[in-house]
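Following: one structure in structure tokens, then a few remarks.
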Amino acid sequence: MPNLVHTIRGPIDRSRLEMREHFEDAPDHFVYAIEWLLDGEIVKRSCEVTIKEGHGIAAAAAELS
Amino acid sequence: MANTAGICTSFLAELGAGTHNMTSGGDTLKIALFLATASRSYTDTTYSTTGELAATGNYDAGGKTITNASWGTSGKTAYWTPGASVTWNNLTSSGAFDCALLYNSSKSNKAIAVFTFSSQSVTAANFTLNMPTNDASNALLTITGP
């Protein structure tokens, strides 16, 4: 029973594919991606980007005298 | 060119004018993805298709609707984060992208904020944009008084 992975090149048996994971921990976001390669070519790549910290506006205090 | 992150200056002015209804059940807010070669910026005033991912590979122009949510407050800070992450299913991106623009499609597509991340490509798979913890320190948008 073939274990097919749907790729940009169509369904390909998983045994023919190399899988590799990619992690990146940046200051304001985190990336987790899974790549599937067929003979060195990326034929499927999923990705999650997690925003760790959004954007903020901080008002400065006015000094009244 | 490059995309430049930040809360859109026009959005700050529109907050004062009461333009946006950012609360659960309020305006329809959307988020769109832009190529790494685009030039989106906090100076944007409205959503633009220029530099957006092409409407191919299960990406639709204009991006995805996100779950609007209510603002919270803590100390001197008001904060807001969408109620859920957003996922593009079985996406094949038309190129490398590193930017998401949040905008208000109920209010003439007025721009809210630009978010950037490391350049990514997605091929025949899902892309998920997870939201930060919704608190005064990490929320997607925070505004802090003096």
Side-chain angles (χ1 to χ4, degrees), chain A, chain B residues 4-9 11-12 15 31 33 42 57 76-82 85-93 96-100 102 112-146:
Chain A
M1 188 75 177
N3 187 1
L4 297 178
V5 175
H6 292 273
T7 75
I8 196 83
R9 302 287 180 219
I12 296 176
D13 192 89
R14 185 173 182 152
S15 64
R16 296 181 58 203
L17 298 171
E18 175 194 351
M19 188 195 83
R20 64 187 185 194
E21 294 178 295
H22 171 76
F23 300 92
E24 181 185 346
D25 191 6
D28 60 353
H29 69 275
F30 182 80
V31 175
Y32 173 59
I34 301 175
E35 298 172 343
W36 297 85
L37 294 91
L38 175 66
D39 299 330
E41 177 195 15
I42 295 175
V43 292
K44 185 182 186 76
R45 185 180 198 273
S46 65
C47 179
E48 277 189 42
V49 170
T50 300
I51 298 172
K52 294 195 291 192
E53 186 177 327
H55 298 319
I57 296 290
E63 291 192 21
L64 303 177
S65 59
Chain B
T4 306
I7 297 177
C8 295
T9 310
F11 170 72
L12 296 174
L15 284 180
I31 199 158
L33 301 175
Y42 59 85
K76 294 180 177 180
T77 299
Y79 57 91
W80 180 91
T81 299
S85 59
V86 58
T87 297
W88 283 261
N89 291 311
N90 196 24
L91 175 69
T92 294
S93 59
F97 59 97
D98 69 353
C99 174
L102 175 66
I112 296 173
V114 174
F115 302 90
T116 58
F117 41 85
S118 56
S119 182
Q120 303 296 325
S121 291
V122 174
T123 305
N126 294 350
F127 174 70
T128 299
L129 187 61
N130 293 318
M131 298 301 162
T133 303
N134 189 30
D135 61 23
S137 299
N138 302 290
L140 199 66
L141 301 175
T142 59
I143 300 174
T144 303

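The sequence lines fix the lettering, A, B, ..., with proteins before strands; numbering per chain opens at 1. Owing to the predicted nature of the structure, the values given are computational and were not obtained by experimental measurement.
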Go through the atoms of B:Thr92 and report whether side chain, backbone, both or neither lie under 4.5 Å from a heavy atom of chain A. side chain
Applying a strict 4.5 Å limit to non-hydrogen atoms, the region of A:Lys44 in contact with chain B is both
With a cut-off of 6.0 Å (strictly less than), are more than 12 heavy atoms of other residues, nucleotides or ligands near CZ of A:Phe30? yes
Which atoms of A:His6 approach chain B - backbone, side chain, both or neither, heavy atom under 4.5 Å: backbone
I need the minimum non-hydrogen distance between B:Pro132 and A:Gly54, along with the two atoms involved. CG-N, 4.5 Å
Measure A:Glu48 against the heavy atoms of chain B and call it side chain, backbone, both or neither at under 4.5 Å. both
Quick check on B:Ser85 against chain A: is it the side chain, the backbone, both or neither that has a heavy atom closer than 4.5 Å? neither
Is it the backbone or the side chain of A:Ala26 that comes under 4.5 Å from a heavy atom of chain B, or both, or neither? neither
Heavy-atom pair with the smallest gap, counting every atom of A:Asp28 and B:Thr116: OD2-O, 4.4 Å
How far apart are the closest heavy atoms of A:His55 and B:Ala113, and which atoms are they? CD2-CB, 4.5 Å
Need one label for B:Thr81: side chain, backbone, both or neither, based on atoms under 4.5 Å from any heavy atom in chain A. neither
Determine whether more than 12 heavy atoms belonging to other residues, nucleotides or ligands lie under 6.0 Å from atom NZ of A:Lys52. yes
Roughly how far apart are A:Ile57 CD1 and B:Thr9 OG1, rounded to 0.5 Å? 7.5 Å
Tell me, for B:Leu12 versus chain A, whether the close heavy atoms (under 4.5 Å) come from the side chain, the backbone, both or neither. side chain
In short, A:Cys47 meets B:Val122 closest at the heavy-atom pair CB-CG2, 3.9 Å
Using non-hydrogen atoms only, which part of B:Ala5 is less than 4.5 Å away from chain A: side chain, backbone, both, or neither? both
Run the side-chain contact (heavy atoms from CB on, under 4.5 Å) check on A:Ile51 and B:Phe117 step by step: do they pass? CA-CA 8 Å; A:Ile51 298 172; B:Phe117 41 85; 5.8 Å; no
At a 4.5 Å cut-off on heavy atoms, which part of A:Val49 comes close to chain B: side chain, backbone, both, or neither? both
Starting at CD of A:Glu53, measure out to CG of B:Leu140 and round the result to the nearest 0.5 Å. 11.0 Å
Chain A shares the most heavy-atom pairs under 4.5 Å, among B:Ser137, B:Ser121, B:Ser93, with B:Ser121
